[in-house]
Engineer: 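Starting off with a structure, shown below.
These values consider heavy atoms only, across backbone and side chains, with no hydrogens, waters or symmetry-generated copies.
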Amino acid sequence: MKYVFPENFLWGTATSAYQVEGNNDKSDMWVEEYSEGSPYKDYSGNAVDHYHLYKQDIELMASLGLKSYRFSIEWSRIEPEQGVYSEEEINHYRDVIKVCYENNIIPVVTMMHFTSPQWLMKIGGWKNPKTADLFANYCEVVFKDLGREIPYVLTMNEVNLPVMLKELFINMNFIPPVGVDAKSWTAPGWRESAAQKCGTTIDQYFTFHMASDEASLEIVKAREVIKKINPATKVGLSLALPEIQSIEGGEEQSAKVWHDYFGQFKSVIEDDDFIGVQNYTREIYGPDGQVPLPEGTEVTAMGYEFYPEALAGTIRNVAKELNIPVLVTEHGIATNDDRRRVEFIKRGLRGLHSCIEDGIQVLGYLYWSTFDNYEWTFGYDPKFGIIGANRDTQERVVKESGRVLGEISQNNAVNTEGAYYNELYKSCY
């Protein structure tokens, strides 16, 4: 069967600057990697050197047939010292955008994808109310130079992630992957080393991942300054949203979780031009909390349930409460079996198409990620990319999933017929 998508649908992939550029040594995450006792499995180092190879990489995306590329601008490159802005780095990102247009790829820009300048930690990081103005100033500088060339922008990536992490750590006794103590929600000893490397003390060291209290959540919006400079730019932010389901007796618990993940942010988002939805799996709740996965359930390399249908379920849940367009800014799977990635993409897109058929406005689908990249504390082990990268030689290797997504983009349709897909489908069941 063939599922045709709306005209001008955005087909593409996504990255974040820190995870692909390499050597973001003015960022707070860089010092965390190198701090004594750091939980980061690998150093990011050169990453996949996208900072220098962006031209070839964007040309490769275009050759596959992709039509859009979501990437982030690294705040710490633009403003390495407070109030000091780098014209050289602004010109770098200007050229990234230029190369996108030269290859008929629409840029979708993220202004902050988790990482912040080290100097921000000296003044309290994301618990300092002044950070809202500092972030807005950075956005203003970038948009005065580049705004006319940016049709879509996300002010921030996964604004709700700190809340999700806190809930998971406290309620489920997880080991925090970003180094935050689960019981007391305070920074453990290794962050003292990170604070020192930023030239500050532990009481001032407050990264974005820790911004889950009411005061810090109020500083996540820079829409006004962007709109003032270039009203034509479509502005949104993204949320990490698993599909929230419940079994009998779990309705109250699932409603609370959905409010924490999504509901409390509606007032911030409802006047945006779109919402970026980022989905990887589902969570099921019962009367005693989240229901553990049954033995034998297929999981991804990140331990998530393999459930691509969660994308459609999540978009439907969002559309019930928010009347603005949706842009799928991330949907991906970590796996070494690329056949499962193809299956994940196609099943997710079938569900996405059903949402569109039911009248939900969806602007596009950006798969996470373009490359096998640096996955924060997990290092380089998880493979999310449709393009592999040999980090010794920086050679790019296009996977079958890259060719499949490119074909979908070129045809503006998902075709679930044909020998390849039929064999793949059989192998999955």
Engineer: Do the numbers put R191 on top of the ring of Y205, so that NZ or CZ is under 6.0 Å from the six-membered ring centre and no more than 45° off the axis?
Structural biologist: no

Engineer: What salt bridge (charged side-chain N to carboxylate O under 4.0 Å, His left out) pairs are there with at least one residue in residues 143-155, not counting sequence neighbours?
Structural biologist: E140-K144

Engineer: Go through it in stages, so that I can follow the logic: the residues are S27 and S76, the test is side chain to side chain donor-acceptor pair (under 3.5 Å), and I'd like the CA-CA distance, side-chain angles, deciding distance and then a yes or no.
Structural biologist: CA-CA 6 Å; S27 163; S76 65; 4.8 Å; no

Engineer: How about H331 and Y365: are their ring centroids closer than 6.0 Å?
Structural biologist: yes

Engineer: With E102, which residues qualify under salt bridge (Lys or Arg N to Asp or Glu O under 4.0 Å), at least two apart?
Structural biologist: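 Expected list: K98.
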
Engineer: In terms of relative ring orientation, are Y374 and Y40 parallel, tilted or perpendicular, with 30° and 60° separating the classes?
Structural biologist: parallel

Engineer: Can you see whether N24 engages Y51 through a side-chain donor-acceptor pair at a distance of less than 3.5 angstrom?
Structural biologist: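 There is no such pair (donor and acceptor under 3.5 Å, judged by atom type) between the side chains of N24 and Y51.
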
Engineer: Could you tell me whether the side chains of Q278 and T329 share a donor-acceptor contact shorter than 3.5 Å?
Structural biologist: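 On atom types as modelled, these side chains qualify, holding a pair under 3.5 Å.
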
Engineer: For D338 and R341, what are the C-alpha separation, side-chain angles and deciding distance, and is it a salt bridge (charged side-chain N to carboxylate O under 4.0 Å, His left out)?
Structural biologist: CA-CA 5 Å; D338 198 52; R341 182 173 291 104; 2.7 Å; yes

Engineer: Return the CD to CG distance between E407 and N415, rounded to the nearest 0.5 Å.
Structural biologist: 7.5 Å

Engineer: Checking side chain to side chain contact (heavy atoms under 4.5 Å, CB included) between I333 and each of Y367, F384, Y304, which is the one that passes?
Structural biologist: Y367

Engineer: Under the criterion salt bridge (charged side-chain N to carboxylate O under 4.0 Å, His left out), I'd like the reasoning laid out for E400 against R403: C-alpha separation, chi angles, the key distance, then a yes or no.
Structural biologist: CA-CA 5 Å; E400 182 64 23; R403 287 184 277 271; 3.3 Å; yes

Engineer: Could you go step by step and tell me if K399 and D372 meet the salt bridge (charged side-chain N to carboxylate O under 4.0 Å, His left out) rule?
Structural biologist: CA-CA 11 Å; K399 303 177 186 179; D372 292 335; 3.0 Å; yes

Engineer: Closer than 3.5 angstrom, by distance alone: can the side chain of H353 be matched with the main-chain N or O of V4 as a donor-acceptor pair?
Structural biologist: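 Checking the backbone N and O of V4 against the side chain of H353, a donor-acceptor pair under 3.5 Å is found.
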
Engineer: Could you grab the distance from atom OG1 of T13 to atom CD1 of I105, nearest 0.5 Å is fine?
Structural biologist: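 Interatomic distance, T13 OG1 to I105 CD1, rounded to 0.5 Å: 7.5 Å.
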
Engineer: How many angstroms lie between atom NZ of K26 and atom CD1 of I78, to the nearest 0.5 angstrom?
Structural biologist: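 These two atoms lie 13.0 Å from each other.
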
Engineer: Verify the distance criterion only: is there a donor paired with an acceptor across the side chains of T314 and N279 at less than 3.5 Å?
Structural biologist: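 N279 and T314 do have a side-chain donor-acceptor pair below 3.5 Å.
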
Engineer: Would you please indicate yes or no on a ring centroid separation below 6.0 angstrom for F344 and F306?
Structural biologist: yes

Engineer: What orientation do Y54 and H50 show, parallel under 30°, tilted 30 to 60°, or perpendicular over 60°?
Structural biologist: perpendicular

Engineer: For residues 60-74, which residue pairs pass the salt bridge (charged side-chain N to carboxylate O under 4.0 Å, His left out) check, not counting sequence neighbours?
Structural biologist: R70-E330

Engineer: Does a donor on one side chain sit under 3.5 Å from an acceptor on the other, for S354 and R316?
Structural biologist: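 Checked: S354/R316 side chains pair up, N/O donor to acceptor below 3.5 Å.
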
Engineer: Distance from L134 atom CG to W75 atom CH2, nearest 0.5 Å?
Structural biologist: 6.0 Å

Engineer: Show your reasoning for whether salt bridge (charged side-chain N to carboxylate O under 4.0 Å, His left out) applies to K55 and E59.
Structural biologist: CA-CA 6 Å; K55 186 175 187 295; E59 289 172 351; 2.7 Å; yes

